[in-house]
Amino acid sequence: MPELPEVETVLQALKPHLVDNKFTSIKTYVPKLRGPLELEDRPELLNQSIVELYRRAKYMILTLANNYGLIIHLGMTGSFRLESTSLQRQKHDHAEFYLLSGLVLRYNDPRRFGQLVVTEPGNNILEHKLLIHLGPEPLTESFDNTWLARVCKGKKKPIKSLIMDNATVVGVGNIYASESLSLAGINPLVAAGTVTKKRLKRLTEAIKHVLTAAIEAGGTTIKDYTSLNGEEGKFVRELMVYGKAGQKCSGCNRGIIKQVYQSGRSTYYCPVCQR
DNA sequence: AACACGTCCTGAGCGC
DNA sequence: TGCGCTCAGGACGTGT
């Protein structure tokens, strides 16, 4: 389940192979993923140098020399393989990008929650409807305790739901939300508006710390996630609470990790050291 | 306005 | 052994 660190890891792996390369042909095998998949019969995407590949939230953005672009979201189970064209297409490979370098980039996504969207030249890609409403990037100065306090003010919904909201901060999914709250010592269930400024500062720092450490570890592999060509993320070894229901908390060494459900998502926390 | 919840999707894991 | 059920969750859309 790719969150920001996983997307960042994939992005860095893809970059050297894609930038300055060109798509020579693109094939798709399903009519839609999360939205329509309209990459075939688009000559404007072919034989144009790939200029940039960067990230905004959990989206990867690829731009071409003619200012067409591609917005890519891996959803829950999306992954890329870069490989020889002599290798067979696999089950759930929904799109193939044949490259001038001779390799093929294959997009695999069993649950088809991902998105591959073409953008037209002329508009700022960051103002695309998928991107325009996104909040600050967690690893920049624009995400700080002042901002978080402003967003939390008066909010009754649980702090965990709030930090998973892309309008508050982007890239924090279910795993890193639980992990960040664990590190900050905050109970995920408490109303966001009741968390003190001091604790929100700790939370801001915890989010930055956890995401940075996860990027360094190449992400977290729980079930589906792998980076390019099947590499697994090692942050799973550093998890404090996620997926550890019933185990003793390694933070305080006293509490037993509890699993609760918040709007259909599982949340893990230590009832002793997260108050 | 704020928040909750349904929806999309497939495969793993489990109980019987 | 095999079937059917439940769960996993990102982000948008809809309902309250």
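We name chains A, B, ... by the order of the sequence lines, and we start the count at 1 in each one.
A/K91 comes within contact range of the sugar-phosphate backbone alone, with a heavy-atom separation under 4.0 Å but no base atom that close. As judged by a 4.0 angstrom heavy-atom cut-off over every strand, A/S266 is placed among residues touching the sugar-phosphate backbone only. Within the nucleic acid shown, A/R34 comes within 4.0 Å of at least one base atom, counting heavy atoms only. Across all strands shown, A/D109 has no heavy atoms under 4.0 Å from either base or sugar-phosphate atoms.
Applying the 4.0 Å criterion to OP1 and OP2 of C/dA8, one finds that A/Y242 has every side-chain N and O outside that range. Side-chain N/O atoms of A/K156 include none lying less than 4.0 angstrom from OP1 or OP2 on B/dA2. Checking the phosphate oxygens (OP1, OP2) of C/dA11, a side-chain nitrogen or oxygen of A/H73 falls inside 4.0 Å. The shortest distance between the side-chain N/O atoms of A/Q259 and the OP1/OP2 oxygens of C/dC7 is not below 4.0 Å.
Within the 3.5 Å criterion, the main-chain N or O of A/L181 finds a donor-acceptor partner in the side chain of A/Q274.
For A/R111 against B/dC9, a side-chain N or O and a base N or O form a donor-acceptor pair under 3.5 Å.
We find that CZ of A/R56 is positioned 12 Å from P of C/dA11, with the value rounded to whole Å. As a whole-Å value, the separation of A/M164 CE from B/dA2 P is 20 Å. The separation between A/Q115 atom CD and B/dC9 atom P is 14 Å, rounded to whole Å. In this structure, CG of A/L131 is placed 13 Å from C1' of C/dA11, rounded to the nearest angstrom. Straight-line distance from the CG atom of A/N108 to the C1' atom of B/dC9: 13 Å, rounded to whole Å. If you measure from atom OH of A/Y261 to atom C1' of B/dA4, you get 18 Å, rounded to the nearest angstrom. Distance, A/L33 CG to B/dT10 P: 11 Å, rounded to whole Å. The nearest whole Å value for the distance from the CE atom in A/M76 to the P atom in B/dA12 is 14 Å.
Classification of the A/Y242-A/Y268 ring pair by plane angle, with boundaries at 30° and 60°, yields perpendicular. Between A/Y59 and A/H73, the ring-plane angle classifies as perpendicular under the 30° and 60° cut-offs.
The A/K58 side chain lies nearest to C/dG10 when the options are C/dC12, B/dC3, C/dG10. Nearest to the side-chain atoms of A/H92 among the listed nucleotides C/dA11, B/dG11, B/dC3 stands B/dG11.
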Could you walk me through whether A/L126 and A/R56 satisfy the side chain to side chain contact (heavy atoms under 4.5 Å, CB included) test, starting with their C-alpha distance in whole Å, then the side-chain angles of each, then the deciding distance to 0.1 Å, before giving a yes or no? CA-CA 8 Å; A/L126 292 173; A/R56 173 74 175 108; 4.2 Å; yes
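Of the candidates A/Q262, A/E179, A/R265, A/N174 forms a side-chain contact (heavy atoms from CB on, under 4.5 Å) with just one, namely A/R265.
Nearer the 5' end of DNA chain B, as judged by each residue's closest nucleotide, is the contact made by A/G154, out of A/G154 and A/R265.
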